[in-house]
Amino acid sequence: MSDYTFQTKLLHNEHKFDSYTGAVSVPIQHASTFHQSDFDSFGQYDYSRSGNPTRETLEAAIAELEGGVRGFAFASGMAAISTAFLLLSKGDHVVVTEDVYGGTFRMVTAVLTRFGIEHTFVDMTDLDAVAKAIQPNTKVIYMETPSNPLLKVTDIEGIVKLAKANNCLTFLDNTFLTPALQRPIEFGVDLVLHSATKFLSGHSDVLAGLAVAKDEVIASKIYALQNSFGAVLGVQDCWLVLRGLKTLSVRLEQSQKGAAEIANYLAVHPLVKNVYYPGLAVHPGHSTHFRQASGGGAVLSFELENEDAVRQFSANVKIPVFAVSLGAVESILSYPPKMSHAAMPPEERNKRGITDGLLRLSVGLESPDDLIRDFDQAFQTLT
Ligand SMILES: *Cc1c(COP(=O)(O)O)cnc(C)c1O
């Protein structure tokens, strides 16, 4: 199976049909508990928090797609990320990319600190800054590339090398690109994390998180934490993510094509101050990005003059839904300062370049021509 290209693997894997009935859709196993024939030898399943066949199908699928040894499904992206942080103990330290997802920022600053786990935020485009931030008690370097919402690019191999030299683990939030475009484990990352709420499921209809471990040592620790903390994904939602996965390649391909066209359009628009999209040759991380990823992805950000311009533009644009989230069949426009990054204090936001004029666009499956025409009419209301 592993000879297949990614696109084929999405459909033809060991779960392409149910071995018992031949069903071409994975059965949803609702049972919370499983009958045991005697108490000395339990069967493959005993209790659904510890293991469930529907969840296992999804976990096996994501592990294969990311090239890891084992996958884990959680109730949300934050449940996956928070469970991963439970690998740390009191007195440990984590180095985190400075434009990290707002919810991860909140977990690190407001929760982990209460358990005596320290952190340092750094600009991860700067390997020297990362090296300087590493302390004797640093246990994890946490990456997001491209990052949210400024699409900054981190040199994955560079960070992995630093981590290995300092005996720490690397985590990478791969939500924006998915394994269709970037497979961090191939570059030595220890744990890949996902909000499967976004591109992996792809239809704005399920909240889910995934983790994939590079080796058995970390896999067994994550398994123990998943079972202890218990934030597992429900079986209906596992099935929805599995269905979404089947079309991941075609969805991303189409959305990415649209994102590139829109980025080019915005890049020359007089009312747009900045466009952040790694697919643009002028993006500072462009060459690093294309060493580790096969496409620019479907998310971009752009900066207008100020909050008033954003208000006017977003009130007049018609096609995208204006919402938190990304990675769906419909285009989603969001305002990071008051949405995904609302948990971040204004001075932290401004320091990171998340200004009051910034909008983020996740391109869906609409015709890019329609989107550009729509943007054009919304911009005309600004002048
Ligand atoms: C949405 C998101 C998360 C959080 O995932 P949830 O499923 O909303 O809990 C984490 N990281 C990134 C990059 C995200 O976009």
Side-chain angles (χ1 to χ4, degrees), residues 58 62 66 71-86 94 96-112 121 124 142-154 156 171-182 184 189 191-212 226 229 231-234 237-238 240-241 244-245 252 255 259 276 278 293 297-301 321 323-328 331-336 339-344 352 354 358-364:
L58 171 60
I62 192 65
E66 285 284 6
F72 304 91
F74 295 91
S76 68
M78 281 320 301
I81 292 165
S82 303
T83 302
F85 277 128
L86 296 180
V94 52
V96 185
T97 182
E98 70 175 359
D99 49 357
V100 72
Y101 176 73
T104 310
F105 176 86
R106 181 168 46 206
M107 180 67 193
V108 167
T109 57
V111 182
L112 295 186
F121 288 108
M124 278 210 183
Y142 190 97
M143 292 171 260
E144 230 181 274
T145 183
S147 70
N148 182 23
L150 294 177
L151 289 302
K152 285 196 196 165
V153 175
T154 293
I156 302 173
F171 295 177
L172 193 149
D173 182 335
N174 204 26
T175 299
F176 272 38
L177 292 184
T178 82
L181 299 175
Q182 176 171 275
V189 167
L191 190 68
V192 173
L193 297 159
H194 279 286
S195 170
T197 311
K198 317 295 166 54
F199 291 103
L200 293 177
S201 58
H203 293 70
S204 302
D205 55 10
V206 61
L207 208 59
L210 294 168
V212 180
Q226 182 193 37
F229 192 64
V232 294
L233 187 62
D237 292 345
C238 289
L240 280 169
V241 179
L245 270 179
L252 258 179
S255 290
Y276 304 96
V299 181
L300 58 100
S301 289
V321 295
V324 166
S325 201
L326 58 102
S331 290
I332 302 178
L333 189 67
S334 77
Y335 185 45
M339 293 171 130
S340 59
H341 287 65
M344 198 175 272
R352 288 162 167 78
I354 307 165
L358 194 73
L359 279 164
R360 188 186 71 199
L361 177 72
S362 167
V363 180

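Indexing begins at 1, ligand by ligand and atom by atom, following the structure's order. The model shown is predicted, which means the values in this text are computed figures rather than measured ones.
- Annotation: ligand 1 has protein neighbours S76, G77, M78, I81, Y101, E144, D173, T175, F176, S195, T197, K198, A208, L326, each with a heavy atom less than 4.0 angstrom from the ligand.
- Aromatic ring centres of F121 and F105 lie closer together than 6.0 Å.
- Note: M339 CE to L333 CG = 8.0 Å, rounded to the nearest 0.5 Å.
- Between E144 and N174, the side chains place no donor N or O within less than 3.5 Å of an acceptor N or O (distance only, hydrogens not considered).
- Ring-plane geometry between Y142 and F85 is classed as parallel, the angle between the planes falling under 30 degrees on a 0 to 90 degree scale with a further cut at 60.
- Scanning all heavy atoms of the two residues, the minimum distance from S255 to G364 falls at OG-O, 3.0 Å.
- Between F229 and F74, a ring centre-to-centre spacing not shorter than 6.0 Å is recorded.
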